[in-house]
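Owing to the predicted nature of the structure, the values given are computational and were not obtained by experimental measurement.
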2 protein chains.
Amino acid sequence: MNIDIRSAHLFSSLNDHQVTQVLESSHISTLKDGESLFETGDDANRFFLVIGGQIKLFRVSSNGDQKIIDIIQPGNTFAEALMFMEHPIYPVSAEALGPARIISFDSKRFLHILSESIEVCFRIMGTMSQRLRGLIKEIDDLTLQSATTRMCAMLLRRMDEVGMSRFTLPAAKGVLAARLSMKPETFSRILQNLSSKSILELKGSEIEIIDVSLLRSLAHIESIYGLEPEMPCRVRSSL
Amino acid sequence: MNIDIRSAHLFSSLNDHQVTQVLESSHISTLKDGESLFETGDDANRFFLVIGGQIKLFRVSSNGDQKIIDIIQPGNTFAEALMFMEHPIYPVSAEALGPARIISFDSKRFLHILSESIEVCFRIMGTMSQRLRGLIKEIDDLTLQSATTRMCAMLLRRMDEVGMSRFTLPAAKGVLAARLSMKPETFSRILQNLSSKSILELKGSEIEIIDVSLLRSLAHIESIYGLEPEMPCRVRSSL
DNA sequence: GAAGTCATTTGACCTTAGTCAAGGAGGGCT
DNA sequence: AGCCCTCCTTGACTAAGGTCAAATGACTTC
């Protein structure tokens, strides 16, 4: 197994010597599906690089609901932003979504290397900046956008990523629902609804987008013409 | 007017020479109440330090609603995280909340100084890290917490800040409502409700917390015993 | 001090999404 | 095949907040 950690953005400008140093404090591990890596509130002395599978970052509410903050894909690092805090504590929990492989690194050690390389600092700041932007967008989505809008935006992103109008969902529906901050039931209903409007066709986790432009307009401003007024399962009539 | 920008965390480890350099590209300005500083999507070539008044950062939905992401207080910088992006664009809009005074700095110029000072880099990364954490907490609040919980948490924060159980709200109620992602009406009703439960007393924007421990428990897990079941203005009875 | 403007409150009602409960459907295992 | 298990779907209903509109209050400005 010979992974070049330099393929990860964060490490990409390290020289050979630095790579060796970083690897000295590294530790590779395999996680089973659902295995926990750390929990919200744990001391954060290490950060991670996903080399296989997916890691989900999430928060749990007092009544057990969980909101998925992010799903980290292979090649990406996470929790590296914490090393700059005086008392680093993970603000989220992390566990494997399916079997996964990760490398962990000692934060202190990496900080030391960082103190010699402005270039790596800049890289990290770039990453953090983007993450900041992503979170702001997410807050926007959560407060200013409806569940349907979020769903449509997600479908469009996925379509873009795959490059085809026919694709398979990147994770189990329940997981995607939590990522989009809705219940599985709502997720299912919205998908059904889009399907009934012939905006897409779905069979299991296979989706084909039929009307891209309509989907796009829904992702931006919901209900160009009444999507919700005809939502199923409304009890209006019985009042 | 002789403000030492070093009192701002971001600049605190600059030497005299660097301060001079930074100030060379700086520009002080005064904003009237509601005056816009920049809008979401504008090119982000400058970042800012608030020296008087408050600046609100917000996003606007397609139907005109606005969500306040943050309210920046004097002594704090904002938009500095953007300079690390290749194509920097403000992810939020900014405008003065009441008359305000700010200093703006040229990002490029500052980047140059940064490239000579690891210490300042570390400081920035620390700030960004905290901001990241704050946003995650906010997402948590929005998805996993109710409006009442958010209100209670805000009141407790404010009480902590002031150090007394009697205090005045830090901004107009409508503004606070937008900050907490709720409508002014909801804000008012929740406050009324807390008042009717003798958890607090309110007169205008003066608030006195009566039952701190109950407030605290509401902030954590809502409805230890039924707060919502007795919410006013419900039409249950007419069904 | 009257008029006007703006923020807040209250009331009545509506919409979104969550809850709870009951069925499907698919996949792996024996 | 039959069974179990987990995930997804569907139906009926509830709850939290939003909407709209009117009433009140508070603060300016003339």
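Side chain Arg150(A) to base dT16(C): no donor-acceptor pair is found below 3.5 Å.
Counting non-hydrogen atoms of other residues, nucleotides and ligands closer than 6.0 Å to CD of Glu201(B) gives a total of 12 or fewer.
The side chain of Arg189(B) lies closest to dG18(D) when the candidates are dT9(C), dG18(D), dT10(D). Closest to the Ala147(B) side chain, of the nucleotides dG17(D), dT9(C), dG18(C), is dG17(D). Among the nucleotides dT10(D), dT9(C), dG18(D), the one closest to any side-chain atom of Glu185(B) is dT9(C). The nucleotide whose nearest atom lies closest to any side-chain atom of Lys183(A) is, among dT19(C), dT9(C), dG18(D), dT19(C). Closest to the Gln192(A) side chain, of the nucleotides dG18(D), dT10(C), dT9(D), is dT9(D).
With rounding to whole Å, Asp65(A) atom CG is found 9 Å from dG18(C) atom P. Put simply, CG on Leu142(A) is 17 Å from P on dT16(C), counting in whole angstrom units. dA25(C) atom P lies 19 Å from atom CD of Glu206(A), rounded to whole Å. Whole-Å rounding puts the Leu202(A) CG to dT10(D) C1' distance at 14 Å. Note: CG (Asp33(B)) to P (dA7(C)) measures 9 Å, nearest angstrom. Residue Ile190(B) contributes atom CD1, which lies 15 Å from atom P of dT8(C) at whole-angstrom precision. Put simply, CG on Leu191(A) is 11 Å from C1' on dC8(D), counting in whole angstrom units. In this entry the distance linking CD of Gln145(B) with P of dG17(D) reads 11 Å, nearest Å.
Closest heavy-atom contact between Pro91(A) and Arg59(A): O-NH1, 2.8 Å.
Note on Ser188(A): a side-chain N or O is less than 4.0 Å away from OP1 or OP2 of dT9(D). Contact annotation: Lys173(B) side-chain N/O to dT9(C) OP1/OP2 distance is under 4.0 Å.
In this structure, Arg101(B) CZ and Leu49(B) CG are separated by 12.0 Å, a value rounded to the nearest 0.5 Å. Residue Leu200(B) holds its CG atom at 10.0 Å from CG of Asp211(B), rounded to the nearest 0.5 Å.
Remark: side-chain polar atoms of Arg133(A) are paired, donor with acceptor, to backbone N or O of Ile89(B) under 3.5 angstrom.
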